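These numbers come from a predicted model, not from an experiment. A note on names: the letters A, B, ... follow the listed sequences, proteins ahead of strands, and every chain is numbered from 1.
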Protein chains: 2
Amino acid sequence: MVNSHDTICALATPNGLGAIAIIRLSGPNSKRIVEQCFSKSLKNVDSHTCHFGNIKSVQNELIDEVLVTVFDHGKSFTGEESVEISCHASPFIQKKILETLLDCGARLAEPGEFTMRAFSNGKMDLSQAEAVADLIASQSRNAHNIALKQLKGGFSNELKDLREKLIHFASLVELELDFAEEDVEFADRKELNQLVSDVLLYINRLAKSFELGNAIKNGVPVAIVGAPNTGKSTLLNQLLGEDRAIVSDIAGTTRDVIEEELTIDGIEFRLIDTAGIRDNAETIEAMGIERSKAKIVQASIVLCMADNSIPNNTAEVLDWAREIRTLHPEKKVVIVINKYDISQKTIEISDFKQVYISAKQGTGIEELKKILVDTIIADFDLANETIVSNVRHYNALLKTRTDLEKAKFALETNVTGDFVALDLRQAMYHLGTITGQISEDDLLANIFAKFCIGK
Amino acid sequence: MVNSHDTICALATPNGLGAIAIIRLSGPNSKRIVEQCFSKSLKNVDSHTCHFGNIKSVQNELIDEVLVTVFDHGKSFTGEESVEISCHASPFIQKKILETLLDCGARLAEPGEFTMRAFSNGKMDLSQAEAVADLIASQSRNAHNIALKQLKGGFSNELKDLREKLIHFASLVELELDFAEEDVEFADRKELNQLVSDVLLYINRLAKSFELGNAIKNGVPVAIVGAPNTGKSTLLNQLLGEDRAIVSDIAGTTRDVIEEELTIDGIEFRLIDTAGIRDNAETIEAMGIERSKAKIVQASIVLCMADNSIPNNTAEVLDWAREIRTLHPEKKVVIVINKYDISQKTIEISDFKQVYISAKQGTGIEELKKILVDTIIADFDLANETIVSNVRHYNALLKTRTDLEKAKFALETNVTGDFVALDLRQAMYHLGTITGQISEDDLLANIFAKFCIGK
């Protein structure tokens, strides 16, 4: 599916100015192409060694002093012969070197083509290849951990185990079909039923983890809503206070201007539509309800803020929260009762998580943060459990589940083995698409097109 | 002046997302520090070899799969033991690895500290170190060539030759001083005078080249001025037409929105205040004179456009051009006579460069481009002559010149050798500051502070 007779090249480091940039090549002629413009021979050099010299254009103009690192066939990221040219990070120089490599017979890589070659050459499976992109994009500890675990093949191994169980199961059923006329039962139906139930349970758990995985990967949108002067702006500052410096440390990350990001326990929360809060717009009565509604639609967690110093305000907010839950049952609603420093009266709330805070004095903020994290993590064990974060994997799991449920139903209703076998084959097919054991060119093209060039 | 007992680390590649990022360390403990967080021992590895493994935090969390390249003391860019860690280009991972290196005993590098160490360890002189920054920032072929030549030590060698001539000269004069009472003349005055004149001639040429060098390094600001509907916008499109695609190819370069860049023969021209032209603002009478005046002040080259189809317009523009020259004698003014396709009448112009064009039909554009380039290059031989592009070098050359002129005057007026010797010592001092043979901590700090961190 990949034409590995040709040699590809691309800038591998981010665009921009810096001390060093890397241009890499992969393919059977990598060394020969670089030798045409490099001042030293690469014929007898060992894999994983680097060599200082000059790069010249085909017109013999000196372009830069570079360090060339050589990777032999079978020993590189892609599995192919590969060369990395480490040059000065100037857009002009990068462009000149790429032009020269094209002149010498390389071609520019398509987006994701290096990783696609690694996949094609069996250096990684599809879910590992996808993890490369996730790893680069991850902005929080947990997103990073999930991607890294996936890259390291943790998820793939679990899927392999699952698939082996299904194969074992299917082989028993198919064996029965071979002896159909003799009416034997190699597979104990009860045992089979138990097996498929176990696998289903596991797949359900994986599918359920997607909500968490997706939240961790893309950040959790949080809305703070409440009447004007409830203290939303003060709470926002309390939440962001310590984190601000850390966020600005990570230079180069682009952020949506109307969102503030906050990382708690390695999970990224995106406080949406904070522009309105920041602009002191909360003092403007006009923007209350309508704007809040729009925010709620975007949010996964809604913090409904009450002012405890105003009689009945908490009860009103509670009614409002119930209304939100009726309209959007999938949203997680938390009641935040502010100004506890002014009024210590409490109210019995049994149907929502709640927290008493003083945004002004900073009390209760840690408890609120803990609620935010718990709401997302639910009962998952982030450190040890596999969390699905890729929507393609999630959809494949759902399809596998449907197939398995059909198989289970067939077993329970004593449908003939043919149908059970068919359902099982479908389930294995869908599970196989995750790691790429089953893959189609269209699917691959679609996955790798989302990569940057150079990956 | 640099404390090389410690080991520094920094991100060396540009910020942002990409396939690969490099974090480098330099200093005596580079290998030992990396070994604390890397999965392999670096004790017995050869210089210039790279090693695949895992990086873990001091809390033993896996951070990334990386490639570690080792450079032995004396064999690296800085001249010190050095390690490069090639990781996934994710801001999160870069931050984690840097944090881990700090935990293991490295410290974050100051801006330019890697290059400063290379200078301190005698791997390059000061003008070569400055060339590193120029090389990275260069956006055109000639800017790149000047920086590369400087990095390769071409300029330094010429200055060394000059300085040797002065030392020879000074030693003769000082020898005379030793024998002052005997009234001997070791140095033939006529010969000495000839020598100092030769050196002065050369320094004058270098100083004169700064105008060109500076133009090449920073781009040449060009203003197109003329009455509304003269065809400025059409000319702009003609000039930019072919070049546009090339400019946008160089991703990541930031550009001033109100300027368009155009590279001709490897020289970058910046067409200033093109926003006005692009917005069709030229049809608005109001913005004529005042806006043009502001543009002229910013420009090095002023293209005064005339409409040949309007009687007397060229003569009017010529008067205007003379007025500009009176007010700004340093500006280079070119008369561009447009709409030659409509009217072929010509006018005798002896005091300005001129070109007849049809912006609409694209005729005369190549001639105009040639005039732009010739105006800047003057009589310099870009391929073979040394061009000074650094303002610090230029100022040092001017000071050297002043000293030499004093020495020459002293020789010619038979002032005692003491004064000649003093002037010569001053001249050698100023020349020495360029390459850093003479350097002060303040000067060094100032030069390297302009570098990015990681260089």
Side-chain angles (χ1 to χ4, degrees), chain A residues 10-22 24 46 48-52 61-65 67 69 71 75 77 84 86 88-96 114-115 132 135-141 143-145 147-149 151-152 246 249-253 451-455, chain B residues 10-22 24 46 48-52 61-65 67 69 71 75 77 84 86 88-96 114-115 132 135-141 143-145 147-149 151-152 246 249-254 451-452 454-455:
Chain A
L11 178 67
T13 44
N15 261 318
L17 299 186
I20 301 177
I22 291 176
R24 66 171 159 182
D46 290 334
H48 290 62
T49 57
C50 54
H51 308 273
F52 182 76
E61 301 159 315
L62 180 61
I63 300 175
D64 199 6
E65 295 183 332
L67 211 54
T69 310
F71 301 90
K75 294 182 177 174
F77 169 74
E84 288 183 6
S86 174
H88 286 96
S90 129
F92 180 83
I93 289 173
Q94 293 162 17
K95 185 166 165 277
K96 273 282 164 197
F114 287 93
T115 314
V132 173
L135 188 65
I136 291 167
S138 59
Q139 290 188 32
S140 70
R141 175 161 48 84
H144 168 258
N145 286 344
L148 196 55
K149 200 170 174 184
L151 178 66
K152 285 291 201 179
I246 297 166
D249 259 8
I250 310 169
T253 55
F451 280 63
C452 311
I453 289 174
K455 264 182 222 153
Chain B
L11 177 67
T13 44
N15 260 318
L17 300 185
I20 302 177
I22 291 176
R24 65 170 161 182
D46 290 334
H48 290 62
T49 57
C50 54
H51 308 272
F52 182 76
E61 302 159 314
L62 181 60
I63 300 175
D64 199 7
E65 295 184 331
L67 211 54
T69 309
F71 302 89
K75 294 181 177 174
F77 169 73
E84 288 183 6
S86 174
H88 286 98
S90 129
F92 180 84
I93 290 174
Q94 292 161 19
K95 184 166 167 276
K96 273 282 163 196
F114 287 92
T115 313
V132 173
L135 188 64
I136 290 166
S138 59
Q139 290 188 33
S140 69
R141 175 161 49 85
H144 168 259
N145 285 345
L148 196 57
K149 199 170 174 184
L151 177 67
K152 285 289 200 179
I246 298 166
D249 259 7
I250 310 168
T253 53
T254 45
F451 280 62
C452 311
K455 263 181 223 159

Taking H144(A) for the side chain and F92(B) for the main chain, is one N or O donor matched with an acceptor at less than 3.5 Å?
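Checked: no pair found.
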
Spacing of E61(A) atom CD and L148(B) atom CG [to the nearest 0.5 Å]:
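These two atoms lie 10.5 Å from each other.
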
Who among S86(A), A147(A), A21(A), S138(A) has the most heavy-atom pairs with chain B under 4.5 Å?
S138(A)

Among I63(A), T13(A), I136(A), which has the most heavy-atom pairs under 4.5 Å with chain B?
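The candidate making the most pairs under 4.5 Å is I136(A).
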
What part of [X] gets closer than 4.5 Å to chain B, counting heavy atoms only: side chain, backbone, both or neither?
X       : value
S140(A) : backbone
I93(A)  : side chain
R24(A)  : side chain
Q94(A)  : neither
L11(A)  : neither
I20(A)  : both

Hey, does L62(A) have a side-chain heavy atom less than 4.5 Å from the side chain of K149(B)?
no

What part of D64(B) is in contact with chain A, defined as an atom under 4.5 angstrom from a non-hydrogen atom: side chain, backbone, both or neither?
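Contact with chain A involves both backbone and side-chain atoms of D64(B).
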
Which bit of T69(B) is near chain A, if near means a heavy-atom gap under 4.5 Å: side chain, backbone, both or neither?
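Just the side chain, heavy atoms under 4.5 Å.
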
For H51(A), all residues meeting side chain to side chain donor-acceptor pair (under 3.5 Å), sequence neighbours excluded:
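Once residues adjacent in sequence are excluded, the partners of H51(A) under the side chain to side chain donor-acceptor pair (under 3.5 Å) criterion are T49(A).
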
Residues forming a side chain to side chain contact (heavy atoms under 4.5 Å, CB included) with A10(A), sequence neighbours excluded:
A109(A), F114(A), I453(A)

Using a cut-off of under 4.5 Å for heavy-atom pairs, which of N145(B), T115(B), L135(B) has the most such pairs with chain A?
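Highest number of heavy-atom pairs under 4.5 Å: L135(B).
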
Using a cut-off of under 4.5 Å on heavy-atom pairs, state which of H88(B), K75(B), K96(B) scores highest against chain A.
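Maximum pair count with chain A is reached by H88(B).
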
Considering all heavy atoms of both residues, which atom of G18(A) and which atom of P14(B) are nearest to each other, and what is their separation?
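Smallest interatomic distance, heavy atoms only, reads N-CG, 4.1 Å.
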
